[in-house]
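Everything numeric in this text was worked out from a predicted model, so none of it was measured. Every heavy atom of this structure was used, including side-chain atoms; hydrogens, water molecules and symmetry mates were not. Counting starts at 1 for both ligands and their atoms, in listed order.
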Amino acid sequence: MTSSALVWLRRDLRCYDQSALYQALRRFERVYCAFIFDTDILDVLPNREDRRVEFIHASVLELHEALQAMALRSGAPGGGVMVRTGSAASCIVELAQKLGVQEVLTNRDYEPQAVERDRRVAQDLRSLGIAFTDYKDHVLLDRDEVLTQQGSPYSVFTPYKRAWLQKLDAFQLKPYPVERYARHLAELPRGERLPTLEDLGFSRTNLKDLRIPLGMKGAQQLLQDFLPRMRAYDVDRDFPGRKGVSYLSVHLRFGTVSIRQLAALAQERALQGDPGAQTWLSELAWRDFYFMILHYHPHVVTQSFRPAYDLVAWDDAPELWQAWCNAQTGYPLVDAAMRQLHQTGYMHNRLRMVVGSFLTKDLGIDWRRGERHFAEHLNDYDLSANNGGWQWAASTGCDAQPWFRIFNPVTQSQRFDPDGRFIRRYVPELAKVPDKHIHFPAGMKPAELQACGVHLGKTYPAPIVDHARARQRTLMRFHFLSADAKPATDAE
Ligand SMILES: Cc1cc2nc3c(=O)[nH]c(=O)nc-3n(C[C@H](O)[C@H](O)[C@H](O)COP(=O)(O)OP(=O)(O)OC[C@H]3O[C@@H](n4cnc5c(N)ncnc54)[C@H](O)[C@@H]3O)c2cc1C
């Protein structure tokens, strides 16, 4: 009997250096690939225009064609992606049964809901005599590969990174040679067709206008663009008005790029002492770190990493919340950042920290509400990094910003957008305000405001809170935690 397997594609939409696909092609003679548009996820999306759905749709289409081309090159009879729409957990079991495969292979997911779904799928498949295996693919080092000498997980980033860098050797970064066994790609059953975006109940977004490069090709295009800039990353990454970062996060989210490929390139340069590459590699370590935290501390999805911080009494403040969501806070950098998020689905990392701090420490609003807002709007939304980032900004997380360190939204703006280039791009009503005042137009005299065409409260809002007073309120709000203020330490 010919051995056959089904690769369940999820957040790994590529056909090079892909663990589960490689393992399936190496071990089985006939390999099918499937992607399920999971209605358990799609049905609860609040907007029928969702850049992520469009991104995934385009990437699956590209992958389908790439698998067909790979099959053709290696003399396999077919190749491609079988697409289904429905509850992923039941669709994948039905498909595996219908195809008569012996095993379903997939790449490991770390989100608690996905872990639970996979547990159920494995159980259902097992009852049908079908095996289920998952592989490390999304992270460089898995949850149990970087532990303290006592065998426990780290909760502080610096010692974690030290251990992570030591483990990140050539073996870990070796690409999986998928094409070597591509002759095992199975011909798709007759009548298979890929749904259109409209078939899925979604419409086109402004993704095309934003010229966000899609799929595997798009990721390589961004990578080629970033490589000559990587050297300056350690400095330029903090300035949202400069092209300093890679913009690869959405590709890492959906696996249209291999994390091993990126890390290998960065590590080679980092070992030669390139400070930009060293810093960029550290960011990839943060990514692994937060996946690991989510695995060992799944309570962080709804609760603070440190339980004592769940006693912080947040404000309801519906008007302040609306002003933050609508980019009408009167603090230009905060408003520019929120408009970037809504117009493009992306927000620069420095600004994620600034708006996160502003929501929790200036407006006194629970980090969970900000986290949910980002989840709705970010193209690169990833539960682990988003939760980690929010809990960092709110000071409730592991290795977070201490609660008494509070970003000043004006000085952050002066430091990281000194000439207001970023602000002017997203807050055009302040375009004529001189550099000196662009960070806080409320500080201008009435005649100066008039000369720039700004009417506070009409063309641009007056500040919704006074930062100095808000800061005092936050210190009071967190004060009962003073004994807990010291940063945590891990035994290495
Ligand atoms: C409040 C808040 C929310 C965030 N939400 C997300 C999210 O939902 N999804 C997400 O991918 N990142 C998130 N981040 C981390 C970071 O802001 C983004 O990864 C980064 O801005 C993406 O842009 P880039 O690809 O150009 O990054 P680069 O600066 O080029 O970094 C390269 C890659 O490293 C990883 N990375 C960088 N910084 C971090 C970090 N602090 N934590 C974890 N991984 C990191 C990302 O995968 C990123 O693509 C969040 C940060 C904060 C403070």
Notebook entry, point to check: Nearest to atom 40 (C) of ligand 1, what protein heavy atom do you find, and at what distance?
Noted result: Trp286 CB, 4.0 Å
Check: Would Tyr16 and Gln261 count as having a side-chain donor-acceptor pair, cut-off 3.5 Å?
Finding: yes
Check: When the aromatic ring centroids of Tyr154 and Trp164 are compared, is their separation below 6.0 Å?
Finding: no
Notebook entry, point to check: With only distance considered, is Phe374 within less than 3.5 Å of ligand 1 through an N or O on each side?
Noted result: no
Next item on the list: Among all protein heavy atoms, pick the one closest to atom 26 (O) of ligand 1 and tell me residue, atom and distance.
Entry: Tyr247 N, 2.7 Å
Next item on the list: Before giving the answer on side chain to side chain donor-acceptor pair (under 3.5 Å), spell out for Tyr247 and Asp380 the whole-Å C-alpha distance, their side-chain angles and the decisive distance to 0.1 Å.
Entry: CA-CA 10 Å; Tyr247 305 102; Asp380 64 24; over 6 Å; no
Note to self: Distance under 4.0 Å to a non-hydrogen atom of Tyr381: what atoms of ligand 1 satisfy this?
What the structure shows: 8 (O)
Check: Strictly under 4.0 Å, does any heavy atom of Met353 approach an atom of ligand 1?
Finding: yes
Next item on the list: Tell me whether the guanidinium CZ or amine NZ of Arg242 lies under 6.0 angstrom from the six-membered ring centre of Phe422 and within 45° of its axis.
Entry: no
Check: Should the proximity of Leu252 to ligand 1, defined as any heavy atom under 4.0 Å, be assigned to the side chain, the backbone, both, or neither?
Finding: side chain
Notebook entry, point to check: Polar-atom distance check: Glu283 versus ligand 1, any N or O pair below 3.5 Å?
Noted result: yes
Check: Non-hydrogen atoms of Phe289 versus ligand 1: any pair closer than 4.0 Å?
Finding: no
Check: Any cation-pi pair here, Arg11 with Phe254, using under 6.0 Å and within 45°?
Finding: no
Item checked: Residue and atom name of the nearest protein heavy atom (relative to atom 13 (C) of ligand 1), distance in Å to one decimal -> Arg352 NH1, 3.3 Å
Check: What atoms of ligand 1 come closer than 4.0 angstrom to any heavy atom of Leu284?
Finding: 33 (C), 34 (O)
Check: Given Asn349, Thr360, Leu359, which one has a non-hydrogen atom that is nearest to atom 17 (O) of ligand 1?
Finding: Asn349
Item checked: Under-4.0 Å heavy-atom contact with ligand 1, by part of Asn386 that carries it -> both
Notebook entry, point to check: So which heavy atom in the protein is nearest atom 12 (N) of ligand 1, and how far is it from that ligand atom?
Noted result: Ala385 CB, 3.5 Å
Notebook entry, point to check: Is the NZ or CZ atom of Arg350 both under 6.0 Å from the centre of the six-membered ring of Phe416 and within 45° of that ring's axis?
Noted result: yes
Next item on the list: Just go through Phe291, Trp392, Tyr233 and tell me whose heavy atom is the nearest to atom 29 (O) of ligand 1.
Entry: Tyr233
Notebook entry, point to check: Heavy-atom contacts under 4.0 Å between Trp280 and ligand 1: side chain, backbone, both, or neither?
Noted result: side chain
Check: Is the shortest heavy-atom distance from the side chain of Gln23 to the side chain of Tyr176 under 4.5 Å?
Finding: yes
Notebook entry, point to check: What atoms of ligand 1 come closer than 4.0 angstrom to any heavy atom of Arg287?
Noted result: 43 (C), 44 (N), 47 (O)
Note to self: I want to check something: taking the side chain as every heavy atom from C-beta on, are Ser203 and Glu49 in contact at a cut-off of under 4.5 Å?
What the structure shows: yes
Notebook entry, point to check: Which ligand 1 atoms does Tyr290 reach within 4.0 Å, using its non-hydrogen atoms?
Noted result: 42 (N), 43 (C)
Note to self: Between Asp362 and His467, does the side chain to side chain donor-acceptor pair (under 3.5 Å) criterion hold? Intermediate values first, please.
What the structure shows: CA-CA 6 Å; Asp362 279 75; His467 173 70; 2.6 Å; yes
Notebook entry, point to check: Is there a side-chain contact between Tyr233 and Ser246, using heavy atoms and a 4.5 Å cut-off?
Noted result: no
Item checked: Option nearest atom 49 (O) of ligand 1 (shortest heavy-atom distance, choices Ser357, Ser249, Ser246) -> Ser249
Margin query: I'd like to know if Arg204 and Asp209 make a salt bridge, using a cut-off of under 4.0 Å between side-chain N and carboxylate O.
Written below: no
Checklist line | Euclidean distance, Leu63 CG relative to Cys33 SG, rounded to 0.5 Å | finding: 7.0 Å
Next item on the list: From atom 7 (C) of ligand 1, work out which of Leu383, Asn379, Asp380 has a heavy atom at the shortest distance.
Entry: Asp380
Next item on the list: Could you tell me whether Asp288 and Lys167 make a salt bridge, using a distance below 4.0 angstrom between a side-chain N and a carboxylate O?
Entry: no
Check: Which residue and non-hydrogen atom of the protein lie closest to atom 23 (O) of ligand 1, and at what distance in Å?
Finding: Tyr346 OH, 3.0 Å
Item checked: Which residue and heavy atom of the protein sit nearest atom 8 (O) of ligand 1, plus the separation -> Asp382 N, 3.0 Å
